[in-house]
Undergrad: 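Could you have a look at this structure, given as structure tokens, before my questions?
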Amino acid sequence: MLINFTTTSQEKNSDYRQHLWVGIGFKQGTAAQLMVIAIEQVFKKYLLDESAIAGIATIDTKASDTALIEICHHRHWLLQTFSAAKLSTVLVPNPSTIITKATGTPSVAEAAAILAADNAKLGAKLLVPKNIVRLSELPGVVTVAVAKELQM
């Protein structure tokens, strides 16, 4: 499922190129602020430009999460979700048996980022493997991965 929070001016401006997809996994009840901090930390650590983010990708069970929707709406990012069955078809460098037991797929963040970045079926490259972010002062835990659309 794809939810579009972009603005019309973003879509019409051909110079406005967003090609990075942030795959995100998180526990129910995770603070929106923690999700934002996690994305910012990962982009800073890997020297990536947040303005290149096309959207957020995750498992379909998180599609109605208020914090996630709020972030995408506020930042004008697309929100792309995938079923556990679809996510489980993606080979990732860091599969997790714990995540498999909880969600039915060995990867959420890495697999979702790759699938979303490959939307045009030209291929995708995982730029950032999963990074797990926790802060003692905010509830929840967030896993972030980043993939890039390959272009012709």
Side-chain angles (χ1 to χ4, degrees), residues 1-6 10-11 18-46 48-50 52-151:
M1 177 170 63
L2 180 66
I3 302 170
N4 189 345
F5 293 104
T6 61
Q10 287 174 326
E11 294 169 352
Q18 296 169 309
H19 59 279
L20 300 179
W21 279 88
V22 177
I24 192 167
F26 54 93
K27 289 185 176 183
Q28 198 65 32
T30 296
Q33 186 180 1
L34 180 58
M35 292 183 207
V36 170
I37 289 168
I39 293 167
E40 289 171 348
Q41 283 183 359
V42 167
F43 272 69
K44 184 175 182 177
K45 178 180 176 181
Y46 289 89
L48 297 173
D49 183 359
E50 286 184 58
I53 296 174
I56 301 291
T58 192
I59 193 164
D60 59 5
T61 57
K62 303 291 186 181
S64 61
D65 183 85
T66 306
L68 184 61
I69 291 170
E70 175 185 309
I71 292 165
C72 291
H73 182 73
H74 179 72
R75 303 272 179 123
H76 305 289
W77 290 338
L78 298 170
L79 174 58
Q80 179 94 26
T81 63
F82 301 95
S83 68
K86 183 72 172 171
L87 291 170
S88 66
T89 66
V90 180
L91 292 175
V92 295
N94 302 295
S96 167
T97 55
I98 294 170
I99 296 302
T100 302
K101 289 177 185 174
T103 65
T105 178
S107 172
V108 173
E110 289 175 337
I114 292 166
L115 284 172
D118 193 27
N119 194 39
K121 305 301 181 220
L122 299 173
K125 178 181 180 182
L126 185 65
L127 295 179
V128 177
K130 71 179 182 182
N131 283 249
I132 300 168
V133 179
R134 289 180 184 90
L135 296 176
S136 59
E137 62 273 15
L138 292 171
V141 59
V142 179
T143 303
V144 174
V146 181
K148 176 182 179 178
E149 295 176 11
L150 298 181
Q151 303 165 8

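Because only heavy atoms are used, hydrogens play no part in the values below, and waters and symmetry mates are left out as well, while side chains stay in. As the structure is a prediction and not an experimental result, all values here were calculated from the model.
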Undergrad: Any idea which heavy atoms bring T81 and A63 closest together, and the distance?
TA: CG2-CB, 3.9 Å

Undergrad: For the pair L126 and V92, evaluate side-chain contact (heavy atoms from CB on, under 4.5 Å) and give the outcome as yes or no after the intermediate values.
TA: CA-CA 9 Å; L126 185 65; V92 295; 5.8 Å; no

Undergrad: To check you understand the geometry: which heavy-atom pair defines the closest contact between M35 and A67, and what is its length?
TA: CE-CB, 3.8 Å

Undergrad: Check step by step if side-chain contact (heavy atoms from CB on, under 4.5 Å) holds for V22 and W77.
TA: CA-CA 10 Å; V22 177; W77 290 338; 5.9 Å; no

Undergrad: Is the shortest side-chain heavy-atom distance between I39 and I56 below 4.5 Å?
TA: yes

Undergrad: Could you name each residue pair satisfying side-chain hydrogen bond (donor to acceptor under 3.5 Å, both in side chains) that touches residues 130-139, not counting sequence neighbours?
TA: K45-N131

Undergrad: Find the distance between CD (E110) and OG1 (T105) and round it off to the nearest 0.5 Å.
TA: 10.5 Å

Undergrad: Rounded to the nearest 0.5 Å, how far does CG of D118 lie from CG of L150?
TA: 7.5 Å

Undergrad: So do the side chains of V144 and F43 get within less than 4.5 Å of each other, counting heavy atoms only?
TA: no

Undergrad: Is the side chain of E70 donor-acceptor paired with the backbone N or O of A32 at a distance under 3.5 Å, no angle test?
TA: no

Undergrad: Does any part of the side chain of Q41, heavy atoms only, come nearer than 4.5 Å to the side chain of V133, both counted from C-beta?
TA: yes

Undergrad: Check whether any side-chain heavy atom of K62 lies under 4.5 Å from a side-chain heavy atom of Q28, and answer yes or no.
TA: yes

Undergrad: Going by heavy atoms in the side chains, are R75 and V36 under 4.5 Å from each other?
TA: yes

Undergrad: Minimum heavy-atom separation for P129 and N94, please, with both atom names.
TA: CB-ND2, 3.6 Å

Undergrad: State, to 0.1 Å, how close I114 and A124 come at their nearest heavy-atom pair, and which atoms those are.
TA: O-CB, 3.6 Å

Undergrad: Find the distance between NZ (K27) and OG1 (T143) and round it off to the nearest 0.5 Å.
TA: 9.5 Å

Undergrad: Would you say that L78 contacts W21 through its side chain, given a criterion of any heavy-atom pair below 4.5 Å between the two side chains?
TA: yes

Undergrad: Taking all non-hydrogen atoms of both residues, which atom of D49 and which atom of L20 are closest, and how far apart?
TA: O-CD1, 4.2 Å

Undergrad: To check you understand the geometry: which heavy-atom pair defines the closest contact between S83 and D60, and what is its length?
TA: CA-OD2, 3.3 Å

Undergrad: Quick one: OG1 on T58 to CG on L79, what's the gap to the nearest 0.5 Å?
TA: 8.0 Å

Undergrad: Are the side chains of S88 and F82 in contact, using a 4.5 Å heavy-atom criterion?
TA: no

Undergrad: What verdict does the side-chain contact (heavy atoms from CB on, under 4.5 Å) test give for T103 and T61, after you've listed the backbone C-alpha separation in whole Å, the side-chain angles of each residue and the deciding distance to 0.1 Å?
TA: CA-CA 9 Å; T103 65; T61 57; 6.0 Å; no

Undergrad: In Å, rounded to the nearest 0.5 Å, how long is the span from CG of D65 to CD1 of I71?
TA: 8.0 Å

Undergrad: Do side-chain atoms of K148 reach the backbone of L127 as a donor and acceptor pair under 3.5 angstrom?
TA: no

